[in-house]
Protein chains: 2
Amino acid sequence: MLNDKSLATAPDCADCPIRHRAVCARCETDELERLEEIKYYRKFEAGQTVIWSGDRMDFVGSVVSGIASLTQTMEDGRTQMVGLLLPSDFVGRPGRSTAAYDVVATTDLVMCCFRKTPFEEMMVRTPHIAQRLLEMTLDELDAAREWMLVLGRKTAREKIASLLSIIARRDATLKTGKLEGALVFDLPLTREAMADYLGLTLETVSRQMSALKKDGVIQLEGKRHVTIPDMARLMDEAGDDADGGILA
Amino acid sequence: MLNDKSLATAPDCADCPIRHRAVCARCETDELERLEEIKYYRKFEAGQTVIWSGDRMDFVGSVVSGIASLTQTMEDGRTQMVGLLLPSDFVGRPGRSTAAYDVVATTDLVMCCFRKTPFEEMMVRTPHIAQRLLEMTLDELDAAREWMLVLGRKTAREKIASLLSIIARRDATLKTGKLEGALVFDLPLTREAMADYLGLTLETVSRQMSALKKDGVIQLEGKRHVTIPDMARLMDEAGDDADGGILA
DNA sequence: CGTAGCATTGATATCTGTCAAGCGTTGTGG
DNA sequence: CCACAACGCTTGACAGATATCAATGCTACG
């Protein structure tokens, strides 16, 4: 499985870009030293599969950079993305030995992995880690439930607008920290990946993107470069309250 | 809010039916004593709202008996159920002061509530509780993701079969502990509640129930009393692997 | 007996999926 | 260097699933 290129030297936790947001956020110096001992980096190229559902999984870890997706597939090939993993998000489940979902690198991806058994031992001894993981899991549960509303009740147009608004908001808060004026970003997902996330076909995604463009809700340069001239308008199209939005 | 009828004397934790499955599952005697001090029971009749989304929430708690639902509602009235709370399931989120969803009693309901602030203090001091809550939250996250596949990719018929199979399985494991032979149970949900859970209209639910009945997948006496002659057949209709099923 | 709530069924409309053709870019091998 | 294949995407025509609107049935209950 592992080859030379997939392994990479792991930098010090002190220099880590996700140091204060990941599962290790609340660890003290000595705890970080212990984590350093059981961690290793792995890199994946866009499109590579990190792990297959059902496979034995002897690590857990955090996304350091890039985006990964969690997907489920039915026997006849229908697939549904059930999670989008961004930097600092956690992969794997302590106490479970096999993967419950396919994990795929959507973009080039760097992960900080911990050997599972020592990590589990450390969790028992280090309440910080379990507490932080609980917080993160509760956030993910909220996001999953938010997404259930999107999947169950929104129209195709609203679904697209919801996805764009989530990506735009995350991107804006990372880059500038504010949501004013026009927002510009690159879509990290193919039309097919968008369809898998939204429970649509890629044709419907394409049509609705075109429709939103025609109506001036978004501007497109090429396939991926998106400009949102009016965020409130987009959120209105998404069917969300324009003020604050999700979990405000 | 609270009236005479809604409050009820709480029995000893030692006699509690959900003692070994709820958030308190791993507590020791002295910890239970502390919990006894901050707990109180509340009863709700079918249809009553336990709490409205956005309301201040000064308790967390466990479902002791009955079923509650978590729902989200859009401005125009579209609603999506995002969780079904069964006995031992946990309600509320430590560290958050307002409810994120509407919580409604689907059947008559008894809840064991803990005052939020003392419970949070206790969580910090009692790793058992945080660990158990983490486990339960991870299970809920898995269930939510499983449901995303149902909402995003399954047909109306498969959705109904999925819901029936979940209820049947839970009911069977509670009553007899095995899944053999014909399964019989009462639906705890109205057609409308089923529709809200499945992202369908109540008419479509009704039609698909009739179709499954006509095809012999289920038998119906009255509106709610269901017999599953062949569980494997039902799971096949649900589009799940017949062996083991969800998270096997 | 009449009403209210829940459920069923029918007719029709609409949205999204399916199938198919074609475009533009990228990369590769002759 | 060019031709061509591969890939991601767009667009069109059509079909099919589910929603919508409407009428009716069934129970329980006052």
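So that the names make sense, note that chain A is the first sequence line, chain B the second, and so on, each numbered from 1.
- A:Met194 has its CE atom 15 Å from the P atom of D:dG8, to the nearest Å.
- With rounding to whole Å, B:Asp196 atom CG is found 12 Å from C:dA7 atom P.
- The nearest whole Å value for the distance from the CZ atom in B:Arg224 to the C1' atom in D:dA28 is 13 Å.
- For B:Asp215 and B:Arg233, the salt-bridge test fails: no basic side-chain N is under 4.0 Å from an acidic carboxylate O.
- A residue-by-residue look at A:Lys223 and A:Gln208 shows that A:Gln208 has its nearest nucleotide of DNA chain C further toward the 5' end.
- Between the CE atom of B:Met209 and the P atom of C:dT9 there is a distance of 11 Å, rounded to whole Å.
- At whole-Å resolution of the value, CZ in A:Arg191 and P in C:dC23 are 19 Å apart.
- Checking C:dT18, D:dT18, D:dT20 against the side-chain heavy atoms of A:Glu203 singles out C:dT18 as nearest.
- Dashed line: the shortest gap from a side-chain N or O of A:Thr204 to OP1 or OP2 of C:dG17 is under 4.0 Å.
- For the pair B:Arg191 and B:Leu187, the minimum side-chain heavy-atom distance is below 4.5 Å.
- The residue A:Leu200 sits close only to the backbone: its heavy atoms come under 4.0 Å of sugar-phosphate atoms, none of a base.
- Relative orientation of the B:Trp147 and B:Tyr197 rings is parallel, given thresholds of 30° and 60° on the angle between their planes.
- Rounded to an integer number of Å, the gap from B:Arg78 CZ to D:dT20 C1' is 14 Å.
- Atom-to-atom, NZ of A:Lys154 to P of C:dT16 comes out at 14 Å; the value is rounded to the nearest Å.
- Of the possible polar contacts, one joining the A:Asp89 side chain to the A:Leu86 backbone as a donor-acceptor pair under 3.5 Å is found.
- A sub-4.0 Å separation between OP1 or OP2 of C:dT16 and a side-chain N or O of A:Arg157 is absent.
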- [ ] Take A:Asp76 and B:Arg153 through the salt bridge (Lys or Arg N to Asp or Glu O under 4.0 Å) test and state the conclusion after the steps.
- [x] CA-CA 11 Å; A:Asp76 61 6; B:Arg153 291 302 185 193; over 6 Å; no
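- Comparing B:Gly199 and A:Leu189 along DNA chain D, the residue whose closest nucleotide (by nearest heavy atom) sits nearer the 5' end is A:Leu189.
- Distance from the side chain of A:Ala156 is smallest to C:dT16 among D:dT18, C:dT16, C:dA20.
- As judged by a 4.0 angstrom heavy-atom cut-off over every strand, B:Thr190 is placed among residues touching the sugar-phosphate backbone only.
- When the C1' atom of D:dC9 is taken as reference, atom NZ of A:Lys213 falls 12 Å away, rounded to whole Å.
- Position along DNA chain C of the nearest nucleotide to B:Glu192 versus B:Arg207 favours B:Glu192 as the more 5'-ward residue.
- Residue B:Ser210 places at least one side-chain N or O closer than 4.0 Å to OP1 or OP2 of C:dT9.
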